[in-house]
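This one's a predicted model, so the numbers in the text were calculated from it and none came from an experiment. Throughout, protein chains are lettered first and strands after them, A, B, ... in sequence-line order, and every chain is numbered starting at 1.
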Amino acid sequence: MDPVMLARIQFASTTIFHFIFVPLSIGLAFLIAIMETMYVVKGQEVYKKMAKFWGKLFLINFAVGVVTGILQEFQFGMNWSDYSRFVGDVFGAPLAIEALLAFFLESTFIGLWIFGWDRLSKKVHLLSIWLVSFGTLMSAFWILAANSFMQRPVGFEMNNGRAEMNDFLALITNGQLLVEFPHTIFGALATGAFLVAGVSAYKLMKKQDLDFFKKSFHIAIVVGLTTSILVAVFGHQQAQYLVDTQPMKMAAAESLWETSDDPAAWTVIASIDPEKQENKMELKIPYLLSFLSYSKFSGEVIGMKELQAQYEQQYGPGDYIPPVRTTFWSFRIMVAAGSVMILLGLYGAWLMLRKKVEHAGRWFLRLMLFGISLPFIANSSGWIMTEIGRQPWTVFGLITTENSISPNVSAGSILFSLITFTAIYAVLAAVMAYLFIKVIKKGPYAAEEEDRPASDPFNKEGYHAVS
Amino acid sequence: MLSLNELWFVLVAVLFIGFFFLEGFDFGVGMSTQLLAKSDTQRRVLINSIGPFWDANEVWLLTAGGAMFAAFPNWYATLFSGFYIPLVFLLLALIGRGVAFEFRGKVGDVRWKRVWDGAIFIGSVLPPFLLGVVFSCLIQGLPINEEMQMYAGFFDVVNAYTVVGGLTMVMLCLLHGLMFTTLRTIGDLQERARRMARRLLLPVAALFVAFGVMTYFMTDIFEKRGAVLTVLLVLALLAFLLGGYFMNVKRDGWAFGMTGAVIALLVTSVFVGLFPRVMVSSIHSAFDLTIYNAASGPYSLKIMTIVAVSLLPFVLGYQIWSYFVFHKRVHEKEHLEY
C-alpha cells in the first residue's frame, strides 16, 4: 500500500480518537472547577460530592487523553519527518511551549487535586483544579497556534528550503488562531457540559439522587447553552475568515464549482459529482451564503474551478481541489449538530428558569441523553472539514501532504503501527465506555466498594520521610 | 559564553537527565509491583507512592521531545523516523502503563487487576530498556546518509552493546525505584525494598562497569572526551559506593540521591560524549548530525530561550512543592486512591 495513504489514515484515526477525549477533558475540568468553587463559596457538601463524582469521569477520560497525546507528539517525527524538517523551526516552538507551560501544569496539579483532598487547604485544593483547567486551555492555545500556522502560515521566511520563524508575535496573533481558538474552546466546554447535562437527565429520568443531578443539570445547561451559542458565533467569524484566507476550502465546503452569483445562495444539500465537477441536485437558500461569508446579503463567492486555475498559475500544475464530498458533508453535519445543541440548551434553560427540570418530559430527558453525542460529532466533523479541506497541503501554499512523509519509513512499518495502535485504541475505547457506565450507574452516593480500611486518627506514628 | 545552539543542547540534555532521574524511580516502582509486592494491598501502596508524580515525570520526556523538535528539527525528524519500530513499542508501553494506573482499581475483579498489573510491569520495564537501547545507538553510530535520513537495520539497533545499555538502564531504574520505596513506605515493604536494593547493588555496579568498558571499545566517545568521561565514571562509581554505605546505615534519602546521581551521571556521559554531535553517522563523519546542521535558526532559538528561561523556574517551583506536599509515607491503613 501507498505509505502516504497509510500515514494519513494513521494520522486521521489517532487524531480523531485523541480528540474525543481532549475536549471532554477541557470541558469537565472547567465544570468541576465551577462546582468546587460553589462548594468553597457556599460550603454545601453536595457541591463537593459533585466535584468528586464528575471528577471520577474526568480522571478516567483525562488518562486516556494524556496517553493518546504522547503518540501525537511522536507521530510528527515518526511518520512526517520531512514535514518536521521543513517547519520544525516554526512549528516546534508552540509544541515545546505547550509541554513546558501546559503539560507540566496539568500533570502536577492533577496529582495534587487527586491526592490532595485531605492534605491541602480548601482554597489551595480549589486553586489546583483551576490551574488544571487553565492548563488545558493553554494546551489548546499552543497546539492551535501550531495548527493555525498550517492553515495560514505567518511570521516566517523561507531559508535554505525550509520555513524559519521570524516573527513570534505574528505566530500567536495569527488571525486564524483568533477565530479557531475560541471556536474550539467553546466547543470543548460544550462537550463537557452536554455530558454532565445528559448524564444528569438520565439520572433524573431514573429518579435517582434528584437534588444532586438537578443541581448538576443546572450548572451544565447554563454552560452548555452559553458555549453552544458562542461556538456558532465564532464559527461564523471563522467562515468569514476562511473566505479570505483559504477560499478553496470554503468553496469545497459549499461544493461551489463555479463562482457564485451575487448575492450568493447557500446550498443546503447537494448530490456532488467530483469527476464531472458539478452538482446534480441542489437545494438552495437565497442570500444565505453571502451572509455566511461576509455578514451581509450581497457579495459573490469564488468557485473551485476559478481557484484551481489561479493556483495552477501560482503553484504550478497539480490538483488543488480537496475531497469535495467529505468537506461539504462534514461541514453540514457539524452545523446540524451544533444547531440541535442550541435548541436543547434553550429548552433546558427554560425548564431551569421555571424550576421544572425534575418534571421535564421523558422525551426531553431522553433527547438530552442522546445529546451527549452531539458535541463529539460536531467536534470531529469540524476538524475533518478543516483538515481535509486544506488538502493537498499540510501547510497551505508551502508544502504538500505528499512531500511531508518520512522517506525512510516503509509502508510495512506504518501498517504495523497502524494495526497495533488501532488495536490498543479499540481496547481503550471499550474499557473507557465500560468504566463510564459503571461509575454513572453507581452514582455519587454509593459507598466505595474497595476494601479500604479507614485511617486511624489516633495513630501517631511519624510517617515523615526525613531520613 | 554558550552559544544558543550549545545552550539548547544543554537544555535538551537537562530535560532527559531530569526525565531519567524522576521517571526512573517510578519505572522502578512499577517493576517493584511485581518483584517486591506480596499482596494486592502492597501493590496499591507502591502505586500510590508514585501516584501524584508519575504523570508529571513523564512530561519531562514530552518536553524533551518538544524541545528537540523546536531547537533541532533535524535531530527530532531523523531520530523519530529512524527509530520507528522501537518507538512504536515505547508508545504502546507508555499508553498501557498510563491508563493502567487509572483503570486497575476501578473494578474489584482479580483478573481485571492482573491485566492492568501486567500493563504496569511491562510499561515500566520496556521504556527504560528501549530508551537505553536508543541512547546507546546514538553514541555507537547509525547508518545516516548525506540527506540526514537514517536507514537502520535490525542489528544496527539491537546488538550486544545496545542491549547491555538497555539492561543497565532498566536495572538502574529498578535500584532507584527500590530506594524511592524505602523513602515512601514503612514496615515490611520498606525493609524488603532495602534488602533487595542491597543485593542488587553489586550486580548493577558490575553491569554498569561492563557497559562503560564496552563503550570504551565500541564507541569513539572516550577518544573525543576521555578526560571528562573518566571523571564522570569515577564519580558514578563513587556514588555507587556511597549509595551502598547509605543503604547500610539506613539513610534512605541520601541513598536515593546516590542512585539518582548514578543515573544522572550516565545520561550526562552520553550527552558529553556526543557533543557537539547529536547523532553519529556510521557511514561518514561528514554526515553526523550536529548542534549546528540540525538546529533551528537563531531567531527561533532566541525566542525559545526567553520562553524557557522565564517558565522553568515556575515549573521547578511547583514540582518541588508537590513533592513537599506528598512527603509523608504511604501507609496501608490510609485512604489509597488507586
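For B:Leu79, no part sits under 4.5 Å from any heavy atom of chain A, backbone or side chain. Contact of A:Glu164 with chain B is made through the side chain alone, with heavy-atom distances under 4.5 Å. Heavy-atom distances place both the backbone and the side chain of A:Phe76 under 4.5 Å from chain B. Contact annotation for B:Thr78: both backbone and side-chain heavy atoms come within less than 4.5 Å of a heavy atom of chain A. Contact of B:Val325 with chain A is made through backbone and side chain together, with heavy-atom distances under 4.5 Å. Proximity to chain A is limited to the side chain of B:Leu90, based on heavy atoms less than 4.5 angstrom apart. With a threshold of 4.5 angstrom between heavy atoms, A:Asp82 approaches chain B through side-chain atoms but not through N, CA, C or O. Of the atoms belonging to B:Leu62, heavy atoms from both backbone and side chain fall under 4.5 Å from chain A. Proximity to chain B (any heavy atom under 4.5 Å) is shown, for A:Thr420, by both the backbone and the side chain. Proximity to chain B is limited to the side chain of A:Val66, based on heavy atoms less than 4.5 angstrom apart. Both the backbone and the side chain of A:Leu105 have a heavy atom closer than 4.5 Å to some heavy atom of chain B. Contact annotation for A:Leu435: only side-chain heavy atoms (C-beta onward) come within less than 4.5 Å of a heavy atom of chain B. Heavy-atom distances place both the backbone and the side chain of A:Ile414 under 4.5 Å from chain B.
With salt bridges taken as basic N to acidic carboxylate O contacts below 4.0 Å, one links B:Glu58 and B:Arg97. A salt bridge does not link B:Asp109 to B:Arg104: none of the charged nitrogens lies less than 4.0 Å from a carboxylate oxygen.
Comparing A:Ser406, A:Pro407, A:Ala63 by heavy-atom pairs within less than 4.5 Å of chain B, the highest count is held by A:Pro407. Residue with the most contacts toward chain B among A:Glu98, A:Gln75, A:Glu106, A:Arg119: A:Arg119 (heavy-atom pairs, distance under 4.5 Å).
Annotation for B:Phe89: atom CZ does not count as buried by contact number, only 12 or fewer foreign heavy atoms lying within 6.0 Å.
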Discussion item. Quick one, B:Ile95 with A:Ile424, criterion side chain to side chain contact (heavy atoms under 4.5 Å, CB included). Give me CA distance, side-chain angles, the key distance, then yes/no.
Written reply: CA-CA 9 Å; B:Ile95 289 172; A:Ile424 199 169; 4.0 Å; yes

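In terms of modelled atom types and a separation under 3.5 Å, the side chain of B:Ser300 and the main chain of B:Gly297 share no donor-acceptor contact.
Aromatic rings of B:Phe72 and B:Trp75 (six-membered ring for Trp) have centroids within the 6.0 Å cut-off, being under it.
To the nearest 0.5 Å, the span separating CZ on A:Phe91 from CG on A:Asn147 amounts to 7.5 Å.
Contact between B:Ala70 and A:Ala96 at its shortest, heavy atoms only, is CB-CB, 4.0 Å.
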